[in-house]
Amino acid sequence: MLVAGVRYRFANGLRAAMSIWGALLVGFAVAEGLHAAPPLVAWGRAWMATPFPRRLLLDGGVALLFGLVARSMFASSVGAWGAEQLDVLPLNRAQRSAIDYFSTLMFLAPPLVACVAVCGSASPVFAFVLAAGFGGKRIRAVSRPSSAASRHLLPEGEGYGWEWGWLLRVGEERILFALLTSTLAAAASWLAIRNNDVVAPLAVLRIESAFVAFAAGLLASAISAARNLARPYRVSESLVPVSSAARINALLVTSLPLMLAPLAAVALLRFSLGALLYGAFSFALLLLIGEARGESVVMAIAVVAAVGGALDARVAIVIVIAMLPFAWRRAVITDATRDLRVIRGEAAA
Amino acid sequence: MIETDRVAKLIGGRPIVNNVTISIPSGIVALLGRNGAGKTTLMRLLTGIWKPSLGSVHIAGHDLASDPVAAKRELGYQPEHPDLHPRMRPRELLNFVAAARGLARGEVTRIADELEIGGLLDSRCGALSQGQRRLVTLAAAMIHRPAALLLDEPTNALDTHRVATLKRYLQSERAPRATLVSTHQLDFVVTIAQRFILMRDGAIVGDGSVEELGAQLGMPGASLEAIVLRAT
């Protein structure tokens with residue numbers, strides 16, 4: 001049963017979700033080719049060198065981060081029916097949990113191997129075993145948007161205020177978990193690089209950039225998933241013509257406040273301004289891309305951006321510039337603002 | 001076989017399904033109502049995908065809340081949307097369902113033959129038409145010969161031949177003992193269902209045969225369409 005369940009997960013999206021890690025592995029290969037891997041290796045050594053009990057916080061932060069990534073990628077890749085199928089089968093709680101846990105562990109195998117290689121130690125296995133627990137808990141696809149489930153979420157009032165609250169309500173635990181996780185990841189990274197001397201000063205900025213970009217991707221992915229839940233209420237864009245500038249403006253104004261918590265945490269932890277700006281800019285672009293391409297693409301690009309940030313500031317800038325056409329395409333073709341305005345009109349009616 | 005006792009589902013404080021009590025011991029029963037009447041929500045409550053806010057659901061005598069494994073052994077469910085992962089093959093799905101239900105692999109071939117989808121088993125789901133995907137989900141719902149079957153919009157995207165196949169299957173000896181069909185296709189259900197449950201705003205507003213519903217509504221001799229238009 002367990003093997004059949006994991007194979008089902010593999011057929012039903014796990015294989016596609018795992019392929020996203022390909023971007024990370026390619027990033028590592030490129031880093032090796034450019035002889036730019038030392039920042040990542042240094043972070044790995046710093047992780048290993050952090051003394052107990054601080055190390056536990058670091059392990060927990062890494063586990064939470066990867067656990068949420070696992071859950072997020074599953075949600076965006078497995079599809080709604082896969083989850084419903086599991087729900088209607090006569091499986092007890094232990095069987096469901098085991099299928100979820102081992103599927104997650106399998107999903108985390110590529111980054112686990114990479115971490116073990118970078119750190120030169122098997123110690124990260126502990127963090128990944130924990131991560132499978134976080135990611136496997138109630139890991140399932142986001143249910144197909146149900147008119148009954150989302151009808152009550154129709155916003156009320158005017159202005160952007162309700163849109164923030166609405167996003168939080170629709171996104172539920174995914175957004176809150178992303179906020180918590182990105183903040184913890186930032187704290188764990190800070191602990192690693194500030195509390196031991198194996199990291200060179202130049203590497204610090206790159207490591208910070210990597211983590212902030214990754215956290216930004218995580219959050220953008222969660223928000224994109226939340227917005228996808230509103231699709232039953234999205235209508236033909238021809239109904240409400242809105243300028244591209246207004247669309248971008250509304251999307252960012254709606255979502256940027258959600259990034260404030262991890263950014264504030266980064267600032268409080270005395271991360272550099274450069275990393276802060278890089279993370280904020282990445283987040284904004286990833287959000288736009290998420291609207292057009294979906295959460296899994298956001299995560300793939302975030303991984304590339306994170307690796308780029310870890311390599312070199314110039315690489316990071318090139319990656320961010322490369323995102324612009326995606327983001328602009330999103331702004332021109334479709335628009336969440338229009339949908340939200342239509343929703344507002346329906347609610348008023 | 002399928003029983004609910006004052007089931008209600010509140011979402012955001014609003015009743016989506018309100019105080020619904022039904023009993024379907026056998027036969028084919030149609031669930032009818034407007035869009036948003038609560039049909040799919042009721043279906044999800046009957047499958048255990050959602051938990052009711054109030055009341056209870058029993059499948060073949062098993063309480064879905066306290067004994068979900070036993071209840072789901074007797075239950076088959078075809079969801080409204082056949083969302084199969086594009087890279088998955090129908091055989092992979094059906095093999096897993098068979099394993100989860102403790103069936104031999106041969107059952108996959110059997111149900112595929114019965115629904116005439118044997119040729120689709122090794123295709124990618126992404127390459128199948130909407131109607132073909134629906135048949136795959138139907139096979140997953142019926143592979144274990146359930147005692148109670150729930151079908152949510154089963155004829156959507158099916159061609160005339162497939163609808164006829166489905167109709168024959170539901171009227172055959174192999175059919176489940178009790179089947180609840182949620183649909184808007186009146187011409188389909190009127191030929192196979194013996195009983196019709198009408199829903200409006202989450203509540204049941206009519207339950208019976210066409211003749212009984214006509215009498216209840218003061219419309220003796222009315223067609224099912226006229227009754228549905230009036231009552232829902």
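Below, each value reflects all heavy atoms present in this structure, side chains not excepted, and no hydrogens, waters or symmetry copies. Chain A is the first sequence line, chain B the second, and so forth, proteins listed ahead of strands; every chain is numbered from 1. Please read these numbers as outputs of a predicted model, since none were measured by experiment.
Using a 4.5 Å heavy-atom cut-off against chain A, no residue of residues 58-66 of chain B qualifies as contacting.
When only modelled atom types and interatomic distance are considered, B:Glu114 and B:Tyr169 share a side-chain donor-acceptor pair under 3.5 Å. No hydrogens or angles considered: a donor-acceptor pair under 3.5 Å links the side chains of B:His184 and B:Asn35.
A salt bridge links A:Arg9 with A:Asp100: at least one charged nitrogen is closer than 4.0 Å to a carboxylate oxygen.
Put simply, the side chain of B:Thr40 does not reach to within 4.5 Å of the side chain of B:Glu153, judged on heavy atoms. Side-chain contact between B:Arg101 and A:Pro90 is present, with at least one heavy-atom pair separated by less than 4.5 Å.
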Can I get a per-line list of side-chain donor-acceptor pairs under 3.5 Å for residues 120-128 of chain B, giving both atom names and the distance, sequence neighbours left out?
{"residue": "B:Asp122", "atom": "OD1", "partner": "B:Arg91", "partner atom": "NE", "Å": "2.8"}
{"residue": "B:Asp122", "atom": "OD2", "partner": "B:Arg91", "partner atom": "NH2", "Å": "3.1"}
{"residue": "B:Arg124", "atom": "NH1", "partner": "B:Arg87", "partner atom": "O", "Å": "2.7"}

